[in-house]
Amino acid sequence: SEEEVVNVVVGDKDGNKFNVRGKIGDNLLYLSKRFEVQMEGACEASLACTTCHIYVDHEFLDLLPEATETEEDLLDQAPFLKENSRLGCQIILNKQLDGLKVTLPAATKNFYVDGHKPTPH
Ligand code: FES
């Protein structure tokens, strides 16, 4: 229902904006993929890569749960890290996040923890 709708705007590195219409409980990575936004998510949200790296608009940063230590460690490896960097696959939509704006970094790198590469499927 409309009650459940959470609107997100994803900007890419070229300045394009994608209006992504999600709902409460959606994972931002998978939602973006459904809308064909270039958020790669190489490790399938298993917190083992940085290819879902995004910047979160400052007004929304405090509404997100704090990053876990694992997320912080991964972000440390992410190219173009900023103080508002987060991993997109760790953002679960709720009503408070309606209107959320995020931006993709200029580039991501296929970095896997411990050289672990998920099996393609
Ligand atoms: Fe790999 Fe988010 S998809 S950490």
Side-chain angles (χ1 to χ4, degrees):
S1 70
E2 274 308 300
E3 292 286 283
E4 300 236 303
V5 171
V6 183
N7 293 291
V8 181
V9 181
V10 184
D12 71 12
K13 62 176 173 25
D14 301 319
N16 301 307
K17 299 233 185 299
F18 300 87
N19 291 308
V20 165
R21 196 176 146 91
K23 57 179 182 5
I24 294 170
D26 277 347
N27 179 312
L28 185 58
L29 169 67
Y30 293 113
L31 178 65
S32 300
K33 281 176 167 298
R34 282 216 302 281
F35 283 78
E36 293 179 10
V37 175
Q38 297 290 310
M39 201 184 295
E40 187 186 335
C43 81
E44 301 285 345
S46 64
L47 267 183
C49 78
T50 61
T51 61
C52 63
H53 177 202
I54 54 166
Y55 306 121
V56 177
D57 256 40
H58 286 93
E59 54 182 308
F60 292 96
L61 261 186
D62 288 345
L63 299 176
L64 298 175
E66 267 185 50
T68 61
E69 218 168 295
T70 311
E71 183 179 347
E72 294 287 0
D73 288 350
L74 285 167
L75 284 170
D76 283 344
Q77 322 273 343
F80 307 106
L81 182 70
K82 293 191 199 177
E83 89 291 344
N84 60 336
S85 288
R86 292 296 301 257
L87 293 178
C89 75
Q90 300 303 300
I91 296 180
I92 306 300
L93 299 182
N94 61 44
K95 201 61 199 176
Q96 261 197 313
L97 292 176
D98 192 29
L100 174 67
K101 292 188 195 66
V102 304
T103 311
L104 303 175
T108 60
K109 187 172 61 162
N110 246 329
F111 163 80
Y112 296 100
V113 172
D114 301 329
H116 163 79
K117 236 179 151 53
T119 8
H121 49 251

Practice item. Kindly indicate, with the supporting measurements, whether the criterion side chain to side chain contact (heavy atoms under 4.5 Å, CB included) is fulfilled by Ile54 and Ile91. Key: CA-CA 10 Å; Ile54 54 166; Ile91 296 180; 3.7 Å; yes
* To do: Let me see the working for Thr51 and Cys43 under side chain to side chain contact (heavy atoms under 4.5 Å, CB included), right down to the final yes or no.
  => CA-CA 8 Å; Thr51 61; Cys43 81; over 6 Å; no
Value rounded to 0.5 Å, distance of [atom1] in [X] from [atom2] in [Y]:
X	Y	atom1	atom2	answer
Leu63	Leu100	CG	CG	8.5 Å
Glu72	Gln77	CD	CD	12.0 Å
Lys33	Glu44	NZ	CD	6.0 Å
Ser85	Glu71	OG	CD	9.5 Å
Leu75	Leu87	CG	CG	4.0 Å
Glu4	Leu93	CD	CG	11.5 Å

Could I get the full list of side-chain contact (heavy atoms from CB on, under 4.5 Å) partners for Lys13, not counting sequence neighbours?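 Per chain and number, Lys13 pairs via side-chain contact (heavy atoms from CB on, under 4.5 Å) with no residue.
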[X]-[Y] co-clustered via ILVMFWY side chain contacts under 4.5 Å:
X	Y	answer
Leu28	Phe35	yes
Val102	Leu74	no
Val56	Val9	no
Leu61	Leu97	yes
Ile24	Ile92	no

How close do [X] and [Y] get, heavy atom to heavy atom, and via which atoms?
X	Y	answer
Leu29	Cys52	CD1-CB, 4.2 Å
Gly41	Cys49	C-SG, 4.5 Å
Asp26	Arg34	OD2-NH2, 3.8 Å

**Request:** Say whether, by atom type as modelled, one donor and one acceptor occur between the side chain of Asn7 and the main chain of Asp98 under 3.5 angstrom.
**Result:** no
- Query: Does the pair Asp76 and Leu81 meet the rule for a side chain to side chain contact (heavy atoms under 4.5 Å, CB included), with working shown?
  - Reply: CA-CA 7 Å; Asp76 283 344; Leu81 182 70; 4.2 Å; yes
**Request:** Check whether any side-chain heavy atom of Thr68 sits under 4.5 Å from a side-chain heavy atom of Gln90, and report yes or no.
**Result:**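 A side-chain contact under 4.5 Å is absent here.
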inquiry  = Is there a side-chain contact between Glu59 and Lys101 in this structure, where contact means two heavy atoms from C-beta onward sitting under 4.5 Å apart?
reply    =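 They are in side-chain contact.
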Open item on the list: Test side chain to side chain contact (heavy atoms under 4.5 Å, CB included) on Asp12 and Val37; report intermediate values, then the result.
Closed with: CA-CA 8 Å; Asp12 71 12; Val37 175; 5.9 Å; no
Around [X], counting heavy atoms of other residues, nucleotides and ligands shown, do more than 12 lie under 6.0 Å from its [atom1]?
X	atom1	value
Glu69	CD	no
Asp14	CG	yes
Lys23	NZ	no

Hits for ring-ring contact (aromatic ring centres under 6.0 Å, His included) against Tyr55, two or more places apart or cross-chain, chain-then-number order -> His53
